[in-house]
Amino acid sequence: VVGGGAAGGWRVAPWLQRMLLRTAFFASQVLVAQTLLSGEGDTLIAIQSLIGAVGMTAFTYFMPYVLLILLTPTPLSRFRLCWFYFNIGMGVLVMFGGLASSMDDLISSSTGIFAGTCTLSFAYSPTSPDDPCFDSGLPANVSGQT
């Protein structure tokens, strides 16, 4: 962390910024993987529902009105502004309703972030008798090296 600067604030060193960003990305991937592994089947559907409830609703229903209000070059009439704010309010209401429903589905389909067990019947390994590929007739040494 580097102090000072023209504004008198603190700046974070570039290497520390990269490390924090990469750590946050890795942690988010571990969290998503653990969430998917600890589910009982409907976790992926609940995550897709959550993404749709927030992203699709925002970009379809109310963000166009927000952007039009912010970026229009001409002033909008009072009627149009009221209509736009009504649509923004309804879109936000629908989004939060979908968010609550999706979070309920996600919580009910998950046993907990680190509490679940992997329900896969086997780990992929062509040399394991539990693997369906074990009986495929593939030679044990596929590369041909001894």
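No hydrogens, no waters, no symmetry mates; every other heavy atom, side chains included, goes into these values.
- A donor-acceptor pair under 3.5 Å links the side-chain atoms of Thr60 to the main chain of Met56, judged by distance alone.
- Applying the side-chain contact (heavy atoms from CB on, under 4.5 Å) test to Val92 and every residue at least two apart in sequence or in another chain returns Phe62, Ile88, Phe96.
- Once rounded to the nearest 0.5 Å, the distance linking CG of Asn87 with SG of Cys82 reads 11.5 Å.
- Under a cut-off of 6.0 angstrom, the local environment of CE in Met19 is crowded, with over 12 non-hydrogen atoms contributed by other residues, nucleotides or ligands.
- Both Leu20 and Trp15 are members of a single hydrophobic cluster when ILVMFWY side chains are connected at heavy-atom separations under 4.5 Å.
- Of all heavy-atom pairs between Ala46 and Asp105, the closest is CB-C, 4.0 Å.
- The two residues Met103 and Leu50 have their closest heavy-atom pair at SD-CD1, 3.8 Å.
- Atoms CG and OG1, from Leu16 and Thr23 in turn, are 9.0 Å apart once rounded to the nearest 0.5 Å.
- Residues Ser102 and Ala53 come closest through the heavy atom pair OG-CB, 3.8 Å.
- A chain of hydrophobic side-chain contacts below 4.5 Å, direct or via other Ile, Leu, Val, Met, Phe, Trp or Tyr residues, connects Leu70 to Leu76.
- Note that CE of Met90 and OH of Tyr61 are 10.5 Å apart. Values are rounded to the nearest 0.5 Å.
- Clustering ILVMFWY residues whenever any of their side-chain heavy atoms sit less than 4.5 angstrom apart, transitively, puts Leu81 in the very cluster that holds Met63.
- Identified under the ring pair (Phe, Tyr, Trp, His ring centres under 6.0 Å) test for residues 69-95, with sequence neighbours left out: Tyr65-Phe84, Trp83-Phe86.
- Nearest heavy atom pair, residue Arg80 against residue Leu68, reads NH2-CD2, 4.3 Å.
- In terms of hydrophobic clustering, with Ile, Leu, Val, Met, Phe, Trp and Tyr side chains grouped at heavy-atom distances under 4.5 Å, Leu99 and Ile47 are assigned to a common cluster.
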side-chain contact (heavy atoms from CB on, under 4.5 Å) assessment of Gln29 paired with Phe25: CA-CA 6 Å; Gln29 296 300 306; Phe25 180 76; 3.7 Å; yes
